[in-house]
Amino acid sequence: MFLSVAIVAVAAAYSVLALQLLGDDSPGAEIPYSVFREEVASGNVVRVETSGDSVSGVFVSPVDAGDDGTVLEFTTVRPSFADDDLLGDLVDQGVEVEARVPSNRNPLWQQLLLTLVPVVLLVSVLVWIFSRSSMGMRFGRSDAQAWDGRGRSTTFDDVAGIDEAKAELVELVDFLRNPERYSRLGADVPRGVLLSGPPGTGKTLLARAVAGEAGVPFFSMSASEFTEMLVGVGASRVRSLFRKAKEAAPAIIFIDELDAIGRARAAQGSSGEREGETTLNQILTEMDGFSNTDGVIVIGATNRPDVLDSALRRPGRFDRHVVVSPPDLAGRRAILELHTREVPLAADVDLQRVAATTPGMAGADLRNLVNEAAITAARDDRDRVRGDDFLRSLEKIVLGTERAVVITPVERRRTAYHEAGHALVGMLQPGADPVRKISIIPRGRSLGVTYQSPDSDRYVFTEAYLRGRMMGLLGGRAAEQLVFDEVTTGAEDDLEHVTRLARMMVARWGMSSEIGPVSHPVDAELSDPATAAVRRIITECYEAAHGLLARNRDRLDRLAEALLAAETLDQDAAYEVAGVVDEIPDDAMVVVVDP
Ligand code: ADP
Ligand code: MG
Ligand code: ZN
């Protein structure tokens with residue numbers, strides 16, 4: 001951006017300059033050639049000077065030239081087709097004629113300026129274009145960034161909630177700090193470490209922290225850039241990166257998005273992919289050329305370890321694999337604590353509870369959540385961030401922004417019963433996930449929402465749990481059926497979810513008597529008995545949910561009415577309105593977002 005402004009400015013200055021240099025050269029007033037010829041014929045010209053086709057000179061007595069008044073010194077241009085006998089006529093009239101070589105019209109420095117400036121301009125434009133098309137490494141973009149831009153290097157203290165991954169990287173720090181200790185004993189030190197994990201889990205952060213802890217330079221590049229590069233550029237950039245790292249050793253080279261170039265070479269067709277492959281080969285060549293004493297560790301990151309070419313994982317290459325998993329409840333809490341270190345929190349903020357309502361979120365999402373909450377508080381000009389700021393921030397991130405949509409009173413009532421149905425089953429069904437919040441404020445494309453979440457992190461599900469979950473999901477439709485005696489399309493996502501669960505139970509987890517304990521591929525076509533089993537399980541759950549709601553119709557009505565009045569009910573209010581006396585759990589793990 002800056003460069004483009006600069007180029008425009010230089011171009012403008014150049015045109016002004018050129019106009020002046022070229023224009024200033026004519027001492028006399030410009031007159032038509034025909035007038036000049038007449039004056040020659042009438043003997044009114046003393047002297048002329050020619051340079052190419054340009055003729056200037058002095059009249060004997062001033063000539064009337066219209067708007068310009070009278071002209072004594074003149075200049076004119078000879079038409080190129082005019083093959084007249086100008087010189088003969090001038091000589092006949094005794095006019096003094098002096099001819100100059102045209103290129104001498106401007107002094108040397110002017111000539112240089114006029115020819116060099118366009119060249120310089122052109123080159124700058126080219127540089128600008130190259131640097132924009134991510135080829136800018138020769139043109140001043142720095143590869144090495146050991147510091148985080150805040151003037152302080154990243155350390156392990158900046159990483160929370162992913163302790164296992166962190167622990168596996170600690171020994172790299174010692175190796176980088178004391179390379180001689182290892183090389184002296186001929187120990188085989190790691191050269192390549194692959195970090196794999198979903199986006200935002202902190203892979204880049206971890207790599208930086210290793211460099212920061214060890215106090216070594218951090219050279220980074222993103223492999224995805226190479227697929228857009230011209231042939232050969234990727235490989236040459238890799239060479240220069242490795243050379244610089246070796247010079248600066250001990251050092252870390254970080255290659256992000258390794259999968260962009262490191263895919264198994266099955267079907268690589270486009271030129272971008274082929275360029276990726278040359279780049280990858282160059283990386284492997286460089287790594288193979290390392291010796292134990294080089295003191296350079298290459299850390300690669302990917303969120304698709306499954307697609308990586310196996311050549312990458314051979315000994316001496318990325319032979320260490322560190323999995324960076326999304327944080328669990330305790331991890332999320334630790335990350336929230338880290339990112340709220342400098343955020344003033346009101347007393348009602350319960351980070352444990354925030355962590356409990358954010359399953360599936362990675363470090364980057366949580367940082368974003370804290371930031372959004374702080375922005376909300378700042379917008380209201382408050383000194384502290386409150387609990388409901390976090391709730392709003394969460395809703396915004398998970399569900400899109402609140403917006404007003406036009407819904408009819410009938411739709412609203414139906415939505416209230418639908419959500420109340422989900423919620424009530426969740427409250428009453430033993431094993432089903434307790435309700436955290438109910439809302440009929442439309443968000444995104446959904447008209448209402450019920451959050452449900454179990455009490456602790458779960459990795460293994462019992463059949464009873466799954467059935468309770470399915471009953472909860474079917475509770476919305478069952479309530480509509482019970483109250484309005486008809487169903488709507490509003491339960492599509494619920495049904496999809498339920499069907500998926502039932503298929504898993506039958507085909508993957510061996511939870512049906514029809515099929516028995518057999519597991520089939522996920523996408524396989526279900527056999528007729530299996531389809532029948534899926535339908536049976538769903539029907540049973542639906543009947544159970546319907547029966548439960550019918551037996552608790554008064555509670556369902558109260559919940560729906562309260563929702564219509566308040567639009568949202570939090571956990572405590574929902575249990576109170578429904579009159580469900582139950583111990584309200586503190587922790588939560590899974591959020592069921594239900595359109
Ligand atoms: P990845 O490289 O895995 O996509 P990043 O390292 O780029 O993720 O994470 C982006 C940002 O999110 C980090 O700079 C940091 O602020 C925050 N973050 C991610 N994971 C963590 C974590 N485990 N602890 C603290 N902050 C984290
Ligand atoms: Mg990253
Ligand atoms: Zn629903």
Side-chain angles (χ1 to χ4, degrees), residues 148-150 154-166 169 194-210 212 218 220-224 254-260 299-305 322-328 330-342 355 361-371 414-426 438-440 445-452 470-481 487-498 545 592-595:
D148 62 356
R150 293 188 302 262
T154 307
T155 68
F156 281 143
D157 286 343
D158 298 307
V159 187
I162 44 174
D163 297 338
E164 282 164 42
K166 206 153 108 175
L169 293 175
L194 182 67
L195 299 179
S196 73
T201 43
K203 300 180 293 296
T204 309
L205 187 70
L206 266 176
R208 277 184 188 284
V210 171
F218 182 77
S220 85
M221 63 185 205
S222 175
S224 63
F254 179 63
I255 305 175
D256 209 354
E257 299 180 75
L258 202 53
D259 48 283
I299 300 182
T302 179
N303 46 29
R304 296 295 313 275
V322 175
V323 178
V324 188
S325 316
D328 62 5
R332 292 196 302 275
R333 169 154 196 178
I335 294 172
L336 284 167
E337 264 159 18
L338 187 124
H339 285 288
T340 50
R341 266 192 313 213
E342 272 145 41
M361 284 200 178
D365 307 313
L366 294 168
R367 188 184 68 159
N368 190 10
L369 178 75
V370 170
N371 192 40
R414 197 188 291 280
T415 306
Y417 268 98
H418 180 103
E419 299 306 328
H422 283 305
L424 194 57
V425 174
I438 326 172
S439 161
I440 55 167
R445 51 181 272 271
S446 71
L447 294 181
V449 159
T450 300
Y451 296 100
Q452 292 171 293
M470 286 165 66
M471 282 176 64
L473 286 163
L474 290 163
R477 187 188 179 92
E480 289 187 54
Q481 174 82 59
V487 290
T488 62
T489 54
E492 182 181 339
D493 288 8
D494 296 339
L495 295 184
E496 204 182 305
H497 201 152
V498 163
V592 176
V593 176
D594 160 43

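This chain uses plain numbering: 1 for the first residue, then up along the sequence. Computed from heavy atoms alone, side chains included, the values below leave out hydrogens, waters and symmetry copies. For ligands, and for the atoms within them, numbers begin at 1 and follow the listed sequence.
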Asks: Please report the closest heavy-atom contact between Phe156 and Lys166, naming both atoms and the distance.
Replies: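 Distance-wise, the nearest heavy atoms are O-NZ, 3.2 Å.
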
Asks: Would you say Asp158 contacts ligand 1, with heavy atoms under 4.0 Å as the rule?
Replies: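 Yes, Asp158 has heavy atoms under 4.0 Å from ligand 1.
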
Asks: Please tell me if the side chains of Leu206 and Ile299 come closer than 4.5 Å, counting only heavy atoms from C-beta onward.
Replies: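 No, every pair of side-chain atoms sits at 4.5 Å or beyond.
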
Asks: Suppose I only count heavy atoms of Ile162 and a 4.0 Å limit; which atoms of ligand 1 are within that range?
Replies: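 So the atoms of ligand 1 that pass are 23 (N).
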
Asks: Between atom OG1 of Thr302 and atom CG of Leu258, what is the distance when rounded to the nearest 0.5 Å?
Replies: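 Atom-to-atom, Thr302:OG1 and Leu258:CG are 6.5 Å apart.
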
Asks: Counting C-beta onward and ignoring hydrogens, is there a side-chain heavy-atom pair between Arg477 and Asp494 closer than 4.5 Å?
Replies: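 Heavy-atom side-chain distance check fails, nothing below 4.5 Å.
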
Asks: Are Leu369 and Leu336 packed together at the side-chain level, in the sense that at least one heavy-atom pair is separated by less than 4.5 angstrom?
Replies: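 Yes - at least one pair of side-chain heavy atoms lies under 4.5 Å apart.
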
Asks: Students should be able to answer this: which protein heavy-atom is nearest to atom 5 (P) of ligand 1, and at what distance?
Replies: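 The answer is Gly202 CA, 3.9 Å.
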
Asks: Just let me know how Arg367 lines up against ligand 1, side chain, backbone, both or neither, with a heavy-atom cut-off below 4.0 Å.
Replies: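 Under 4.0 Å from ligand 1, Arg367 contributes side-chain atoms alone.
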
Asks: Could you check atom 26 (N) of ligand 1 against the protein and tell me its nearest heavy-atom contact, residue, atom and distance included?
Replies: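 Going atom by atom, the protein heavy atom closest to atom 26 (N) of ligand 1 ends up being His339 NE2, 2.9 Å.
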
Asks: On a heavy-atom basis, I'd like to know which of Leu336, Thr201, Asp157 is closest to atom 20 (N) of ligand 1.
Replies: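 Result: the heavy atom closest to atom 20 (N) of ligand 1 is in Thr201.
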
Asks: For ligand 1 and Val159, I'd like to know whether there is a polar contact (N/O to N/O, distance under 3.5 Å).
Replies: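 Val159 vs ligand 1: no N/O contact under 3.5 Å.
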
Asks: Check each atom of ligand 1 against the heavy atoms of Pro199 and keep those under 4.0 Å away; list them by number with element.
Replies: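 Matching atoms, with element in brackets: 4 (O).
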
Asks: Do me a favour and list the nearest non-hydrogen protein atom to atom 27 (C) of ligand 1 with residue, atom name and distance?
Replies: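 Residue, atom and distance for the closest contact: Leu205 CD2, 3.5 Å.
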
Asks: Examine Gly200 against ligand 1 and note whether any of their N/O atoms are separated by less than 3.5 Å.
Replies: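 Yes, there is a polar N/O contact under 3.5 Å.
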
Asks: Indicate yes or no: at least one non-hydrogen side-chain atom of Asn303 is less than 4.5 angstrom from one of Pro198.
Replies: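 Result no, sub-4.5 Å side-chain heavy-atom pair not found.
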
Asks: What residue and heavy atom of the protein are closest to atom 10 (C) of ligand 1, and at what distance?
Replies: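 Minimum-distance protein heavy atom for atom 10 (C) of ligand 1 reads Ala364 CB, 3.9 Å.
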
Asks: Once you round to the nearest 0.5 Å, how far does CD1 of Ile438 lie from NE2 of His422?
Replies: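 Here the interatomic distance stands at 10.5 Å.
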
Asks: Quick test: of every protein heavy atom, which one is nearest to atom 18 (N) of ligand 1, and how far off is it to 0.1 Å?
Replies: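 For atom 18 (N) of ligand 1, the nearest protein heavy atom comes out as Gly363 C, 3.6 Å.
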
Asks: Could you report the tightest heavy-atom contact between Ala334 and Gly161, atom names first, then the distance?
Replies: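 Of all heavy-atom pairs spanning Ala334 and Gly161, the closest is CB-N, 4.2 Å.
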
Asks: Using side-chain heavy atoms (C-beta onward) and a distance below 4.5 Å, is Arg367 in contact with Asn371?
Replies: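 Contact flag for Arg367/Asn371 side chains = no.
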
Asks: Is it the side chain (CB and beyond), the backbone, both or neither of Val324 that lies under 4.0 Å from ligand 1, heavy atoms counted?
Replies: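 Neither; no heavy atom under 4.0 Å.
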
Asks: Purely on distance, is any nitrogen or oxygen of Ala160 under 3.5 Å from one on ligand 1?
Replies: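 Yes, Ala160 has an N/O under 3.5 Å of an N/O on ligand 1.
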
Asks: Closer than 2.8 Å to the Zn ion (ligand 3): does that hold for any N, O or S atom in Asp494?
Replies: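 An N, O or S atom of Asp494 is closer than 2.8 Å to the Zn ion (ligand 3), so yes.
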
Asks: Nearest 0.5 Å please: distance from the CG atom of Leu195 over to the OG1 atom of Thr204.
Replies: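 If I round to the nearest 0.5 Å, the distance is 8.5 Å.
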
Asks: Could you tell me the residue and atom name of the protein heavy atom closest to atom 2 (O) of ligand 1, and the distance to it rounded to 0.1 Å?
Replies: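 Of the protein heavy atoms, Thr204 OG1, 2.6 Å lies nearest.
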
